[in-house]
2 protein chains.
Amino acid sequence: MARTARLSSSLIVSTALDLVDRHGVDALTMRALARALGADPMAVYRHVRDKEALLGALCDAVLADLDRFDPDRPWRGQLERFAWQLRDSLAARPSLAAVLAGAPVTPAALALTQQAVVLMTGQGVPLDVAAGGLATVFAYVIGFAVTEASLPDPAEGRDELRRAALHHLGDPETEPPHLDTALRLVEQPADFGFGLELILEGLERRVPPTGSSRDADGS
Amino acid sequence: MARTARLSSSLIVSTALDLVDRHGVDALTMRALARALGADPMAVYRHVRDKEALLGALCDAVLADLDRFDPDRPWRGQLERFAWQLRDSLAARPSLAAVLAGAPVTPAALALTQQAVVLMTGQGVPLDVAAGGLATVFAYVIGFAVTEASLPDPAEGRDELRRAALHHLGDPETEPPHLDTALRLVEQPADFGFGLELILEGLERRVPPTGSSRDADGS
DNA sequence: ACCTGAACACCGTTCAAGT
DNA sequence: ACCTGAACACCGTTCAAGT
């Protein structure tokens, strides 16, 4: 019966992530976290420097949960899977997208980057293409996830949005063409796969062709 | 001598933006804003619903400050200029990038989208390509700007970052290849133009060729 | 030496009291 | 009717007092 359930960093992180999953990152206060842990509000500070470090640890946990890169399988499919997995993970906890955007350099991010560089350069992708490609994919996924998470409730103030937009357009007498199309575009989530395909396709076109039809297999 | 300098929404927004430019968004508190305006802390609430609305108005002002799209000039160059302008604007006030990411639907955003749809479809870009392209460019710029603004001070805790990353990689006995390369990649700002080029190039390839060599000029 | 919780210095916002 | 500022309900974090 001895309550030896001491606090640990991993317990703190998993409890905090659970709080974020259920009630959003705004509900993650040091006091609420301590309550969920059944501990004193200050006990958490024994294991975590401050709240910023706690949020960084959450981001690291999310990234560490993604599949590793396998250097023996084609890079393009793996980069695509990585992008979808990260997007899905952030879509499941929307409020964390902005947090990850604000703390992108974590140990797991470094580990993933190292594996991706090995994967891509090992398969003939020039280093600068691999570097630019990784940065592009990451920026795209983050930007997409944060934007998607921040879409306002449709119809919420749509009339005012329209009116104010018309004012920006110089209050024309006739309705500007495609205004309703544009309204739909900014209100609806976009097609994640479309932009990802643009990026991956561009990367593939920057990989010099291998001389023969196969040269990595069987050596 | 009568102090008739009444508050107005535009004065509030420009004063708030100035505060953000000089001291970052964290320094933008309702109290500090009122102080900068020489007004009572609560006077701002006469013109702005709450702080979220104030931040939204700041984002709108940043977007409204960008060049308009001109339907008579090539879409690709204008989309490229838009991306660079927005990136530069956010690089000049880094802390606002995350705010814009969290409030992407504003009147100016709608106006820009409407103009971009007119521009692109008017020059033969299929609507779904234009829609996907705009969303992709926006997500990329936002994600890039937020990530760039959040890069930690290099060398700040680099050793701990390395050690923790090695732990994620399974504590190998030999140094994983390209780890220093990866460290450089996650610490340094990436090449904004590279990813933008990937996206624009992919869009261009999705525009069906016009029948003759010229058909929009002179008509 | 470690842990606790009262207290500090904020914050956004409400609301009753003034003009 | 409009404007003000004291007050409320928080927050992250410090630090002195306990074990």
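Lettering of chains follows the sequences in order, A, B, ..., and the numbering in each one begins at 1.
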Check: Within a radius of less than 6.0 Å around CG of D171(B), do more than 12 heavy atoms belonging to other residues, nucleotides or ligands occur?
Finding: yes
Side-chain donor-acceptor pairs under 3.5 Å in residues 178-190 of chain A, sequence neighbours left out?
residue, atom, partner, partner atom, Å
D180(A), OD1, R162(A), NH1, 2.6
E187(A), OE1, R158(A), NH1, 3.0

Item checked: Along DNA chain C, first and last positions that approach a heavy atom of chain A under 4.0 Å -> dC3(C) to dA7(C)
Next item on the list: Could you say whether R46(A) or R31(A) is positioned toward the 5' end of DNA chain C, judged by the nucleotide with the nearest heavy atom to each?
Entry: R46(A)
Checklist line | D153(B) CG: over 12 foreign heavy atoms closer than 6.0 Å | finding: yes
Note to self: Are F69(B) and W75(B), when compared by the centres of their aromatic rings, separated by less than 6.0 Å?
What the structure shows: no
Next item on the list: Apply side chain to side chain contact (heavy atoms under 4.5 Å, CB included) to L17(B) and R93(B), showing your working.
Entry: CA-CA 9 Å; L17(B) 205 48; R93(B) 36 182 84 90; 4.2 Å; yes
Check: 5'-most contact on DNA chain D: A43(B) or E52(A), nearest heavy atom basis?
Finding: A43(B)
Note to self: Under a 3.5 Å distance rule, please check whether S95(A) uses its side chain to pair with a backbone N or O of V25(A) as donor and acceptor.
What the structure shows: yes
Margin query: Taking atom CD as the centre, does E175(B) end up with more than 12 heavy-atom neighbours from other residues, nucleotides or ligands that are less than 6.0 angstrom away?
Written below: yes
Note to self: If a pair means Watson-Crick or G-U wobble with both distances below 3.5 Å, what does DNA chain D look like in dot-bracket form, with | marking bases paired to a different strand?
What the structure shows: ||.|||||...|||||.||
Note to self: Tell me whether the count of non-hydrogen atoms from other residues, nucleotides or ligands lying under 6.0 Å of CD in E52(B) goes above 12.
What the structure shows: no
